[in-house]
Amino acid sequence: MNGMKIRRTAIAVTAAALLPLSLAACSDSGSDTKAAPSSAADDQAQTSATPTGDTKSDDQPFGPACAGVPKEGAGSFDGMAKDPVATAASHNPALSTLVAAVKQAGLVDTLNNAENITVFAPTNDAFAKIPKADLDKVLADKATLTKILTYHVVGRRLTPEQLQNGSFETLQKGMITTKGSGQDYTVNDTAKVVCGKVETANANVYIVDTVLMPK
């Protein structure tokens with residue numbers, strides 16, 4: 001009987017000693033489980049804080065007259081990008097006088113077949129600044145008209161950055177100068193770019209508010 005009591009006492013003592021250790025282990029395990037979501041939350045916060053990419057829109061057309069360009073269809077920016085420059089211009093209502101002049105001079109194929117050019121395209125309002133009698137005279141003189149129109153074309157694609165302080169030879173062999181920054185550019189100190197960086201299949205187009213005259 002005394003032996004039985006001794007064994008029971010020993011078992012009770014051992015159980016009492018092990019119980020706190022068991023509870024501590026359970027407590028540690030629960031702590032680890034709770035810590036994991038915190039780590040995951042930290043990772044998620046870091047991911048959210050990391051930039052997802054560059055959202056620059058430097059290549060988009062700019063200028064007040066761009067608002068008048070159709071939002072869809074052949075005359076939209078997306079539509080014009082699919083066509084060569086003379087065809088693309090024909091879909092823009094603001095360039096109808098220029099298109100008529102290009103046809104009158106027989107330059108449609110020349111412009112459409114050129115590769116990587118820049119066109120400074122005068123608006124209808126730009127042509128309207130010229131007295132009607134003078135404009136009619138120019139339109140009737142193919143040689144003079146050709147010189148004026150080819151003076152608006154540079155034989156390579158120009159970016160806005162290149163217009164900041166530029167000097168370029170035109171297809172007419174004369175020189176034009178450009179200056180400006182951001183979204184504000186002028187050509188020959190007289191013509192303002194009112195819608196810039198319009199892309200067509202073979203050209204960069206800068207729509208201007210004044211007709212350029214060869215010097």
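- Here S167 contributes atom OG and Q162 contributes atom CD; the two are 12.5 Å apart, rounded to the nearest 0.5 Å.
- Hydrophobic cluster membership differs between L135 and L212, with clusters built from Ile, Leu, Val, Met, Phe, Trp and Tyr side chains linked at under 4.5 angstrom.
- Applying the ring-ring contact (aromatic ring centres under 6.0 Å, His included) test to every pair with at least one member in residues 87-109, sequence neighbours left out, gives no pairs at all.
- The two atoms that bring G106 and T110 nearest to each other are O-OG1, 4.4 Å, heavy atoms only.
- Within the model, atoms CG of L98 and CG of L149 stand 6.5 Å from one another, a figure rounded to the nearest 0.5 Å.
- The heavy-atom pair separating C66 from F77 by the smallest distance is CB-CZ, 3.8 Å.
- Note that OG of S90 and CG of L95 are 9.5 Å apart. Values are rounded to the nearest 0.5 Å.
- Connection of M213 to L139 is established within a shared hydrophobic cluster, with ILVMFWY side chains joined at heavy-atom distances below 4.5 Å, either directly or through further cluster members.
- Residue pairs meeting the ring-ring contact (aromatic ring centres under 6.0 Å, His included) criterion with at least one member in residues 195-215, sequence neighbours excluded: F120-Y206.
- With sequence neighbours excluded, the residues that form a side-chain hydrogen bond (donor to acceptor under 3.5 Å, both in side chains) with T144 are D141.
- Applying the ring-ring contact (aromatic ring centres under 6.0 Å, His included) rule to pairs touching residues 127-148 yields nothing, sequence neighbours excluded.
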| field | Stepwise side chain to side chain contact (heavy atoms under 4.5 Å, CB included) test for T178 and T186 | value | CA-CA 6 Å; T178 60; T186 58; over 6 Å; no
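- Judged by distance alone, the side chain of N188 and the main-chain N or O of T177 form a donor-acceptor pair under 3.5 Å.
- Between T190 and D209, the shortest heavy-atom contact is O-OD1, 4.2 Å.
- When hydrophobic clusters are built by joining Ile, Leu, Val, Met, Phe, Trp and Tyr residues whose side-chain heavy atoms come closer than 4.5 Å, directly or via intermediates, I176 is not grouped with L111.
- For the pair P84 and A201, the tightest heavy-atom approach, listed with the atom from each and the gap, is N-CB, 3.9 Å.
- Residues P160 and Y185 have side chains in contact (heavy-atom distance under 4.5 Å, counting atoms from C-beta outward).
- Residue pairs meeting the side-chain hydrogen bond (donor to acceptor under 3.5 Å, both in side chains) criterion with at least one partner in residues 96-108, sequence neighbours excluded, are S96-N124, T97-N124.
- Side-chain contact between V208 and T123 is absent, with no heavy atoms from C-beta onward closer than 4.5 Å.
- No path of Ile, Leu, Val, Met, Phe, Trp and Tyr side chains, each step under 4.5 Å between heavy atoms, connects M80 with V193, placing them in separate hydrophobic clusters.
- The side-chain hydrogen bond (donor to acceptor under 3.5 Å, both in side chains) analysis of residues 66-88, with sequence neighbours excluded, yields the pairs T87-N112.
- The side-chain hydrogen bond (donor to acceptor under 3.5 Å, both in side chains) check on N204 picks up R157, with sequence neighbours excluded.
- In the displayed structure, Q164 atom CD is contacted under 6.0 Å by more than 12 heavy atoms of other residues, nucleotides or ligands.
- Checked against side-chain hydrogen bond (donor to acceptor under 3.5 Å, both in side chains), T118 has no partners two or more places apart in sequence or in another chain.
- Applying the ring-ring contact (aromatic ring centres under 6.0 Å, His included) definition to pairs two or more places apart or across chains, none involves residues 148-181.
- Under the side-chain hydrogen bond (donor to acceptor under 3.5 Å, both in side chains) criterion, E199 pairs with K197, sequence neighbours left out.
- Counting only heavy atoms from C-beta outward, the side chains of I148 and V211 approach each other to under 4.5 Å.
- Put simply, L107 and I117 are part of the same group of oily side chains (I, L, V, M, F, W, Y) that touch within less than 4.5 Å, one to the next.
- Sequence neighbours left out, the pairs with a member in residues 167-189 that pass salt bridge (Lys or Arg N to Asp or Glu O under 4.0 Å) are K179-D189.
- At a threshold of 4.5 Å between non-hydrogen side-chain atoms, the residues V99 and N92 do not count as touching.
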| request: Using the side chain to side chain contact (heavy atoms under 4.5 Å, CB included) rule, take T170 and V153 through it: C-alpha gap first, then chi angles, then the decisive distance, then the call. | output: CA-CA 5 Å; T170 69; V153 184; 5.9 Å; no
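- Between V85 and V205, the closest side-chain pair of non-hydrogen atoms falls below 4.5 Å.
- Contact annotation: the side chain of N202 never approaches that of N116 to less than 4.5 Å [non-hydrogen atoms, C-beta and beyond].
- V138 approaches L145 most closely through the heavy-atom pair O-CB, 3.6 Å.
- The two residues T150 and T146 make their nearest non-hydrogen contact at OG1-O, 2.7 Å.
- Each side-chain hydrogen bond (donor to acceptor under 3.5 Å, both in side chains) pair with one or both residues in residues 128-138, not counting sequence neighbours, appears once here: K129-T210, K132-D136.
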